[in-house]
Amino acid sequence: MASASQQTTRIAGKRVVIRTSAKGKVSVKDALPEEWELQASQIRALKAHPDYGKRFLTAGDQNASKRGAKAQVQAIAAGMEAGEADVRIYLPRQRIGLIENKVGKAGLTKSQQRRHPMLEAIGHRVEVVRAVTEEDAAAQAVALVEKWLEECDVS
């Protein structure tokens, strides 16, 4: 008896998941976005925000990117830290907001489980944004930044 299989590929430029059941039935459905796509949508939305450049700025990391041995040594030597949050939001009053993106129910990596509490221990809150669409990820990031800006105004 054949076993079930699953493959993620692109059809006409769109990522899809093709599943084949053990009985040979084939189904195709849209794939969830990749984490970098959530992050890119957040950065686009935040840069379009009326307060961008006036009350906050952004910076992003891609620590999970695949690197060759030499590039990995260089990144670590230059200060890259495993588990660092995906997006930094530079806020008024020398504050930084941090966003970690996860697609759906994906869990934090071991390095994130170690790093995030260390950041929080010195006063930098890390918010995990869980989304399955780019639009939702962007909306959550904008809402977080607006909340953080309000907190800066009252403290």
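Atom set for the values below is all heavy atoms of this structure, side chains included, hydrogens, waters and symmetry mates excluded.
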Is S21 reaching over with its side chain to a backbone N or O of K25, donor-acceptor style, under 3.5 angstrom? yes

Short question: side chain of E146, backbone of A143 - any donor-acceptor pair under 3.5 Å? no

Output every pair passing ring pair (Phe, Tyr, Trp, His ring centres under 6.0 Å) with a member in residues 69-121, not counting sequence neighbours, ordered by first then second residue. none

Please say yes or no: joined through hydrophobic side-chain contacts below 4.5 Å, possibly via intermediate residues, are V132 and L38 part of one cluster? yes

Under a 4.0 Å N-O cut-off, is there an ion pair linking E100 with R130? no

Given L144, which partner from the list L46, I89, L149, I99 fulfils the side chain to side chain contact (heavy atoms under 4.5 Å, CB included) test? I99

As an exercise, state the distance from CD of Q113 to CG of L108, rounded to the nearest 0.5 Å. 6.0 Å

Are K102 and D86 close enough for a salt bridge, meaning some N to O gap below 4.0 Å? no

Closer than 3.5 angstrom, by distance alone: can the side chain of K54 be matched with the main-chain N or O of P50 as a donor-acceptor pair? yes

Within a 6.0 Å radius of atom NZ on K147, are there more than 12 heavy atoms belonging to other residues, nucleotides or ligands? yes

Would you mind listing every ring pair (Phe, Tyr, Trp, His ring centres under 6.0 Å) that reaches into residues 41-60, with sequence neighbours excluded? H49-F56, Y52-F56

Report the distance from atom CD of E135 to atom OG of S41, rounding to the nearest 0.5 Å. 7.0 Å

If we only count heavy atoms from C-beta on, is the R125 to E151 side-chain gap below 4.5 Å? yes

Reported CG-to-CD distance for the pair N101 and E127, which is rounded to 0.5 angstrom: 12.0 Å

State yes or no: do L98 and L91 share one hydrophobic cluster built from I, L, V, M, F, W and Y residues joined by side-chain heavy-atom distances below 4.5 Å, directly or via other members? yes

For the residue pair D153 and R55, establish whether any side-chain heavy-atom pair is separated by less than 4.5 Å. yes

R115 and E84 ion-paired at < 4.0 Å: yes

Indicate, with yes or no, if I43 and V142 share a hydrophobic cluster defined by side-chain heavy-atom contacts under 4.5 Å among Ile, Leu, Val, Met, Phe, Trp and Tyr. yes

Between Q39 (side chain) and G60 (backbone), is there a donor-acceptor pair under 3.5 Å? no

R88 and T58: CA distance, side-chain angles, deciding distance, side chain to side chain contact (heavy atoms under 4.5 Å, CB included) verdict: CA-CA 6 Å; R88 290 183 304 281; T58 62; over 6 Å; no

Is E120 close to V126 at the side-chain level, that is, under 4.5 Å between some pair of heavy atoms? yes

Step by step, work out the side chain to side chain contact (heavy atoms under 4.5 Å, CB included) result for R95 and C152. CA-CA 8 Å; R95 295 184 181 177; C152 286; 3.8 Å; yes

Residue pair D136, Q140: steps toward the side chain to side chain contact (heavy atoms under 4.5 Å, CB included) verdict: CA-CA 6 Å; D136 183 34; Q140 288 186 61; 3.0 Å; yes

The test is side chain to side chain contact (heavy atoms under 4.5 Å, CB included); show your working for V129 and Q42 and say whether it passes. CA-CA 10 Å; V129 168; Q42 291 170 331; 3.7 Å; yes

The test is salt bridge (Lys or Arg N to Asp or Glu O under 4.0 Å); show your working for D30 and R15 and say whether it passes. CA-CA 6 Å; D30 291 345; R15 287 181 71 239; over 6 Å; no

Can you name the closest pair of heavy atoms from G83 and S111 and give their distance? N-OG, 3.4 Å

Residues at least two apart in sequence or cross-chain that pass salt bridge (charged side-chain N to carboxylate O under 4.0 Å, His left out) with E134, listed by chain then number, are R44

Are Q6 and V17 side-chain neighbours, meaning at least one heavy-atom pair lies under 4.5 Å? yes

